[in-house]
Chemist: 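Please read through the structure below; I'll follow up with questions.
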Protein chains: 2
Amino acid sequence: MTISEVSKRCNISPDTLRYYEKVGLLSDVNRTAGGIRDYTEQDCAQIEFVKCMRSVGLSIEILRKYFELFKRGKRTLKARRELLATERKALQERFVELQDTLKRLDYKISVYDKAIASKDKELKF
Amino acid sequence: MTISEVSKRCNISPDTLRYYEKVGLLSDVNRTAGGIRDYTEQDCAQIEFVKCMRSVGLSIEILRKYFELFKRGKRTLKARRELLATERKALQERFVELQDTLKRLDYKISVYDKAIASKDKELKF
DNA sequence: GTAGCAGTTGGAGTTAACTCCAAGTCAAGC
DNA sequence: GCTTGACTTGGAGTTAACTCCAACTGCTAC
């Protein structure tokens with residue numbers, strides 16, 4: 001698969017794909033004789049994983065560390081598991097925070113609805 | 001309240017508090033005769049609101065728009081309500097995404113646990 | 001064989017959201 | 001009246017994560 005094919009499929013720009021490779025989120029992408037990247041299904045799956053983790057805010061640096069551990073082989077299985085567990089915990093906290101903020105917004109919107117219904121009373125902020 | 005008191009109370013640096021004021025997230029903070037900021041409880045409540053919204057990723061720009069609408073008075077009640085509803089919807093989507101990613105991480109961690117238990121088999125990534 | 005297009009590189013530029021700094025002011029204590 | 005420490009300002013610097021660019025290469029079609 002060429003970079004533009006992967007780009008379309010994963011909805012990530014070629015620039016970003018090259019950037020991810022450069023910073024170590026995607027190692028050893030195959031090249032054709034002419035030096036053009038030739039992505040495998042495996043590469044795509046990894047890119048989707050990166051995309052998913054990035055979309056919820058895992059930093060490039062954390063992902064870089066994860067793949068660096070990966071390159072060091074089986075003996076880093078536990079370290080990788082712990083890294084994932086740590087990030088999972090942080091995400092869980094963000095999840096609860098998000099839940100609370102959604103509730104707060106719902107309440108605020110309901111207060112707006114009341115203010116709008118009752119002769120446009122003003123709010124504090 | 002002085003800026004350092006608010007800083008401690010809200011756990012936001014004085015620089016950030018001044019920055020928020022400068023970009024329009026906190027208008028007309030009172031000053032003492034000597035020109036020193038003197039925050040009210042109301043200001044603090046607003047800062048907490050900003051902090052809460054920022055912590056889940058609402059941009060400074062969106063919050064700036066919200067408070068700008070606010071300054072234009074009651075006739076913007078509906079516009080503000082709609083702005084909040086729009087952001088709520090986006091947060092809801094991020095919420096679902098986060099939920100899915102948590103599940104994915106849980107699964108991946110369970111795969112790691114299996115690999116670690118069964119003689120350190122290696123994974124794909 | 002040459003036009004055109006997709007790909008390559010290294011490196012510069014951008015954006016959001018802070019964060020830091022230097023130079024100055026002011027009120028309080030000695 | 002002088003030091004000290006918290007505060008002020010405008011503006012420069014930082015960081016993460018892209019995003020863009022110029023100059024170049026190498027297939028493919030005519």
Side-chain angles (χ1 to χ4, degrees), chain A residues 1-40 43-44 46-68 87 90-91 94 97, chain B residues 1-40 43-44 46-68 87 90-91 94 97:
Chain A
M1 246 172 301
T2 68
I3 200 165
S4 61
E5 279 160 358
V6 176
S7 170
K8 260 167 225 152
R9 178 163 153 183
C10 299
N11 202 29
I12 296 180
S13 80
D15 268 323
T16 301
L17 288 171
R18 281 186 286 255
Y19 169 70
Y20 282 173
E21 189 179 340
K22 184 158 68 179
V23 298
L25 267 45
L26 203 55
S27 45
D28 307 322
V29 174
N30 286 339
R31 302 294 183 115
T32 66
I36 287 176
R37 287 175 183 80
D38 185 18
Y39 295 87
T40 63
D43 290 330
C44 272
Q46 188 167 332
I47 289 164
E48 285 292 0
F49 173 71
V50 166
K51 189 188 175 186
C52 180
M53 296 303 140
R54 284 290 307 124
S55 80
V56 297
L58 288 231
S59 71
I60 297 277
E61 183 53 23
I62 284 291
L63 293 170
R64 205 194 50 69
K65 264 182 201 155
Y66 176 76
F67 291 116
E68 188 191 290
E87 294 312 310
L91 277 196
R94 305 235 334 274
E97 206 171 15
Chain B
M1 247 171 296
T2 67
I3 200 165
S4 63
E5 278 159 359
V6 175
S7 170
K8 258 168 228 153
R9 179 162 150 183
C10 300
N11 202 28
I12 296 180
S13 79
D15 268 322
T16 300
L17 288 171
R18 280 187 286 254
Y19 169 69
Y20 281 172
E21 189 178 341
K22 183 157 70 179
V23 298
L25 267 46
L26 204 56
S27 45
D28 307 323
V29 174
N30 287 338
R31 301 294 184 116
T32 65
I36 287 176
R37 288 176 183 77
D38 186 18
Y39 296 86
T40 63
D43 291 328
C44 273
Q46 187 165 332
I47 289 164
E48 285 292 0
F49 173 72
V50 166
K51 189 188 174 186
C52 181
M53 296 303 140
R54 285 290 306 123
S55 80
V56 296
L58 289 230
S59 70
I60 297 276
E61 183 54 22
I62 283 291
L63 294 170
R64 207 194 50 67
K65 265 183 199 151
Y66 177 77
F67 290 116
E68 188 190 288
E87 295 311 311
L91 277 196
R94 304 235 334 273
E97 207 171 13

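Chain letters run A, B, ... following the sequence lines, proteins first, then strands; residues in each count from 1. A quick note: this is a predicted structure, and the numbers were derived from the prediction, not measured.
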Chemist: Rounded to whole Å, how long is the line connecting atom CG of Asp15(B) with atom P of dA22(C)?
Modeler: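 Spelled out: CG on Asp15(B) to P on dA22(C) is 13 Å.
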
Chemist: Does the pair Ile36(A) and Asp38(A) meet the rule for a side-chain contact (heavy atoms from CB on, under 4.5 Å), with working shown?
Modeler: CA-CA 6 Å; Ile36(A) 287 176; Asp38(A) 185 18; over 6 Å; no

Chemist: Quick check for you: to the nearest 0.5 Å, what is the distance between Asn11(A) atom CG and Ile47(A) atom CD1?
Modeler: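 Spacing of CG (Asn11(A)) from CD1 (Ile47(A)) equals 12.5 Å.
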
Chemist: If each of Gly35(A) and Tyr19(A) is mapped to the nucleotide of DNA chain D with the nearest heavy atom, which maps nearer the 5' terminus, i.e. the 5' end?
Modeler: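 Nearest nucleotide further toward 5': that of Tyr19(A).
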
Chemist: Would you call the rings of Phe49(B) and Phe67(B) parallel, tilted or perpendicular, taking 30° and 60° as the class edges?
Modeler: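 Ring orientation of Phe49(B) relative to Phe67(B): perpendicular.
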
Chemist: Between Arg31(B) (CZ) and dC26(C) (P), how many Å, whole number?
Modeler: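 To the nearest whole Å, that distance equals 13 Å.
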
Chemist: Starting at the 5' end of DNA chain C, which residue's closest nucleotide do you reach first, Gly34(B) or Ser59(B)?
Modeler: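 Closer to the 5' end of DNA chain C: Ser59(B).
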
Chemist: Does the side chain of Thr2(A) get closer than 4.0 angstrom to OP1 or OP2 of dA6(C) through an N or O atom?
Modeler: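 It does not, given that no N or O in the side chain of Thr2(A) lies less than 4.0 Å from OP1 or OP2 of dA6(C).
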
Chemist: Measuring from atom CD of Glu87(B) to atom NZ of Lys65(B), what distance do you get when rounded to the nearest 0.5 angstrom?
Modeler: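 Atom-to-atom, Glu87(B):CD and Lys65(B):NZ are 9.0 Å apart.
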
Chemist: Tell me which pairs pass side chain to side chain donor-acceptor pair (under 3.5 Å) where either residue lies in residues 52-63 of chain B, with sequence neighbours left out.
Modeler: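 Pairs touching residues 52-63 of chain B that pass the test: Glu97(A)-Ser55(B), Glu61(B)-Arg64(B).
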
Chemist: Might you confirm whether atom NZ of Lys51(A) has over 12 heavy atoms from other residues, nucleotides or ligands at distances under 6.0 Å?
Modeler: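 Yes.
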
Chemist: Please work out if Arg18(A) contacts a base, only the sugar-phosphate, or nothing of the nucleic acid, heavy-atom cut-off 4.0 Å.
Modeler: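 Result for Arg18(A) = base.
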
Chemist: Please find the earliest and latest nucleotides of DNA chain D, in the 5' to 3' direction, that have an atom within less than 4.0 Å of any heavy atom of chain A.
Modeler: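 First-to-last contact on DNA chain D, by the 4.0 Å heavy-atom rule, is dA17(D) to dC27(D).
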
Chemist: By the 4.0 Å heavy-atom rule, please label Arg64(B) as base, sugar-phosphate, or nothing.
Modeler: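 Counting heavy atoms under 4.0 Å across all strands, no contact is made by Arg64(B).
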
Chemist: With no hydrogens and no angle check, do the side chains of Ser7(A) and Ser4(A) hold a donor and an acceptor under 3.5 Å apart?
Modeler: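 No pair is found: no donor N or O on one side chain lies under 3.5 Å from an acceptor on the other.
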
Chemist: Decide yes or no on side-chain contact (heavy atoms from CB on, under 4.5 Å) for Thr40(B) and Asp43(B), but give the supporting numbers first.
Modeler: CA-CA 5 Å; Thr40(B) 63; Asp43(B) 291 328; 3.2 Å; yes

Chemist: Between the axis at one end of the helix from dG1(C)-dC30(D) to dC30(C)-dG1(D) and the axis at the other (five pairs apiece), what's the angle to 10 degrees?
Modeler: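 One end's axis against the other's: 10°.
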
Chemist: Checking Arg94(B) side chain against Val56(B) main chain: does a donor-acceptor pair fall under 3.5 Å?
Modeler: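 Side chain of Arg94(B) to backbone of Val56(B): a pair is present.
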
Chemist: Provide, to the nearest angstrom, the distance between the CG atom belonging to Asn30(A) and the P atom belonging to dG7(C).
Modeler: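 Computing the Asn30(A):CG to dG7(C):P distance gives 16 Å.
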
Chemist: Determine the contact category for Arg54(B): base if any of its heavy atoms lies under 4.0 Å from a base atom, sugar-phosphate if only primed atoms, P, OP1 or OP2 are that close, otherwise nothing.
Modeler: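 Sugar-phosphate, backbone atoms only, no base.
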
